[in-house]
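Here's the structure, in structure tokens; my notes come after.
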Amino acid sequence: MTAMTSMPKHVEPNYNLITFLLFWCALIVVSSVYVTTPLIGVFVKEFQVTQTTAAWTGSIFSLFYAVGFLVLGPLADRYGRKQMIVFGLGVLSLVTFAIGFVNHLIWLIILRALQGFISAAFAPAALAYVFDVFPKRKLVTTIGFTSFGFLTAGIFGQVVAGFIDQTFDWHFVFILFGGLYLVSLLAVAKILPTTKSENTPISMAYHIKQVKKIFAQKNFRLCYVITIMLLLTFIGMYTALGDYLKNAPFYLRDKEILYVRTAGLAGMILSPFTGFLAKKLGLLVVLRVGLAVSVGGLVMLGVDTNLPVIICMSVVYVAGISLTFPAIMTLIGEWSGNIRAIAASIYTFILFIGASLGPIVTSGLMQTGSFFITFVVLALLLSGGLVASFFIRS
């Protein structure tokens, strides 16, 4: 049964303010996944290591982030959604501040692992929280804004980290984000209504039983098939696109490629409007349209060699993904009932498994020497998700 808020019934929460706060937290928490991407070269010079070794500052975060979803996500069902968000932001602010003062690579990697693990407390709890607090008419729109935060973090984190490193020092990146987490913690504690915990068991046997229950349902299995393709193709597309634009006939510089990536923000603005479209068309239709648009964008990226068209098609691809994310998150949330945090944990775990596979799959495809093949195969993988969506039943 859906948890009820502890506020008096006659007091309606400020839904717009809560929506903005969830968007903001999603933006800055997930930005931590990406902040080391523009700093790899800095770490190579400062710590006198290879690029592969320096890249562990990002890889270790992603690995522990995925594990954290499975461990921390289900605790939101037992201890409360807001409580887990507050706990996560509190510990995250301390760990992030600490990273800002380290001067040894091994400590940087260890603290990045801990940072990744504790960051996972937010997403499952936030998704479950939306269903606890918001009326049904506002659900998809709020999830759309939260998804917008998750998506834009990929660009926001890199741009902020790169700017700060060029202006100050890489340590200040983590000091700044530590401060942002602390301020966000205070805002969450003050503004978000508290929800009652479900007091569910925390034994491994209980969680295994619930996971089996989730995977026994065809709709969940199909949604998770789609889920793994989302960040796999998203990160894969940008990985291939960056390499594509560095070479003939474009020869773009890193700063120019960053501008191309920033253009993707134009497609991401569709996320907050998913709720409006879902009311008109239905969630499943929005999901299928989003996937179809993204597949078309990927195919055209491989077909055309005109730079303005390539930029437009990258925006089209991102626009489709921006519709798909909130649609699939809402479907999983609606179906999962009082084990919503567990279902959301599996969703986010699979999502970031896809993110980890994205660069690996794309690097293998690019070894064929054909960017056409690379983009078309990514389109075929996402097409598998599109086909799966037609077997989902309301």
Side-chain angles (χ1 to χ4, degrees), residues 30 33-34 36-38 40-41 51-52 55 58-59 62 150-159 162 226-268 290-322 324-325 350-386:
V30 181
V33 178
Y34 304 98
T36 56
T37 301
I40 298 299
Q51 186 153 342
T52 302
S59 299
S62 297
F150 289 139
L151 286 169
T152 52
I155 295 173
F156 180 81
Q158 293 185 61
V159 172
I226 298 168
T227 297
I228 199 168
M229 297 304 173
L230 297 182
L231 282 190
L232 189 158
T233 58
F234 184 82
I235 293 178
M237 185 276 283
Y238 276 114
T239 300
L241 187 62
D243 202 60
Y244 187 30
L245 297 179
K246 281 182 181 178
N247 295 296
F250 308 107
Y251 297 111
L252 297 189
R253 294 170 296 177
D254 288 342
K255 183 177 286 188
E256 293 169 329
I257 293 172
L258 184 59
Y259 292 152
V260 174
R261 294 184 179 189
T262 305
L265 288 170
M268 293 177 185
L291 289 167
V293 168
S294 290
V295 169
L298 280 174
V299 171
M300 289 304 297
L301 277 170
V303 169
D304 208 295
T305 57
N306 183 279
L307 184 57
V309 173
I310 288 172
I311 295 172
C312 288
M313 288 303 103
S314 71
V315 173
V316 168
Y317 165 78
V318 172
I321 289 292
S322 298
T324 305
F325 264 109
I350 292 173
L351 189 67
F352 279 90
I353 288 297
S356 301
L357 292 174
I360 298 170
V361 171
T362 305
S363 297
L365 291 171
M366 288 193 299
Q367 287 178 11
T368 64
S370 169
F371 287 102
F372 170 77
I373 292 175
T374 300
F375 288 121
V376 168
V377 171
L378 288 175
L380 287 173
L381 289 172
L382 193 57
S383 295
L386 176 59

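Predicted, not measured: the structure shown is a model, and the values here were computed from it.
When all heavy atoms are compared, the tightest approach of S322 to L151 is OG-CD1, 3.6 Å. Shortest non-hydrogen contact noted between S62 and V33 is OG-CG1, 4.3 Å. Minimum interatomic distance between P38 and G162 (heavy atoms only, all atoms of both residues): CG-N, 3.9 Å. Between M268 and V318, the shortest heavy-atom distance links the atoms CG-CG1, 3.4 Å. Heavy atoms only, all atoms of each residue included: S294 and I321 are closest at OG-N, 2.9 Å.
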### Verdict with supporting geometry, D243 and F371, side-chain contact (heavy atoms from CB on, under 4.5 Å)
CA-CA 9 Å; D243 202 60; F371 287 102; 3.5 Å; yes

### Message
I'd like to know whether T305 forms a side-chain contact (heavy atoms from CB on, under 4.5 Å) with Y244, so could you lay out the CA-CA distance, the side-chain angles of the two residues, the decisive distance to 0.1 Å, and finally the verdict.
### Response
CA-CA 10 Å; T305 57; Y244 187 30; 3.6 Å; yes

### Query
Would L291 and L230 count as a side-chain contact (heavy atoms from CB on, under 4.5 Å) if you check the C-alpha gap in whole Å, the side-chain angles of each, and the deciding distance to 0.1 Å?
CA-CA 9 Å; L291 289 167; L230 297 182; 4.2 Å; yes

### Task
Before giving the answer on side-chain contact (heavy atoms from CB on, under 4.5 Å), spell out for F325 and L231 the whole-Å C-alpha distance, their side-chain angles and the decisive distance to 0.1 Å.
CA-CA 10 Å; F325 264 109; L231 282 190; 3.9 Å; yes

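L232 has its side chain within reach of L378: a pair of non-hydrogen atoms, C-beta onward, lies under 4.5 Å apart. Put simply, the side chain of F234 does not reach to within 4.5 Å of the side chain of L351, judged on heavy atoms. Counting heavy atoms from C-beta outward, V159 and Y34 have side chains that stay 4.5 Å or more apart.
One finds the CG atom of L357 at 10.5 Å from the CG atom of L381 (value rounded to the nearest 0.5 Å). The CD1 atom of I228 lies 11.0 Å from the OG1 atom of T233; values are rounded to the nearest 0.5 Å. With rounding to the nearest 0.5 angstrom, the CG atom of L386 is 9.0 Å from the OG1 atom of T324. Remark: T374 OG1 to M237 CE distance equals 13.0 Å, nearest 0.5 Å. In this structure, CD on Q158 lies 9.0 Å from OG1 on T36, to the nearest 0.5 angstrom. Note that CE of M300 is 11.5 Å distant from CG of L298, once rounded to the nearest 0.5 Å.
No donor-acceptor distance shorter than 3.5 angstrom exists from the side chain of Y317 to the backbone of V299, with no hydrogens or angles considered. Panel note: side chain T362, backbone A240; no donor-acceptor pair is recorded below 3.5 Å.
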Can you give each donor-acceptor pair under 3.5 Å made by side-chain atoms of residues 306-316, sequence neighbours left out, with the distance rounded to 0.1 Å?
{"unit_1": "N306", "atom_1": "OD1", "unit_2": "V309", "atom_2": "N", "d": "3.4"}
{"unit_1": "S314", "atom_1": "OG", "unit_2": "I311", "atom_2": "O", "d": "2.6"}

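For F250, the CZ atom counts as densely surrounded, since its 6.0 Å shell holds more than 12 non-hydrogen atoms of other residues, nucleotides or ligands.
Residue pairs meeting the ring-ring contact (aromatic ring centres under 6.0 Å, His included) criterion with at least one member in residues 292-312: none, sequence neighbours excluded.
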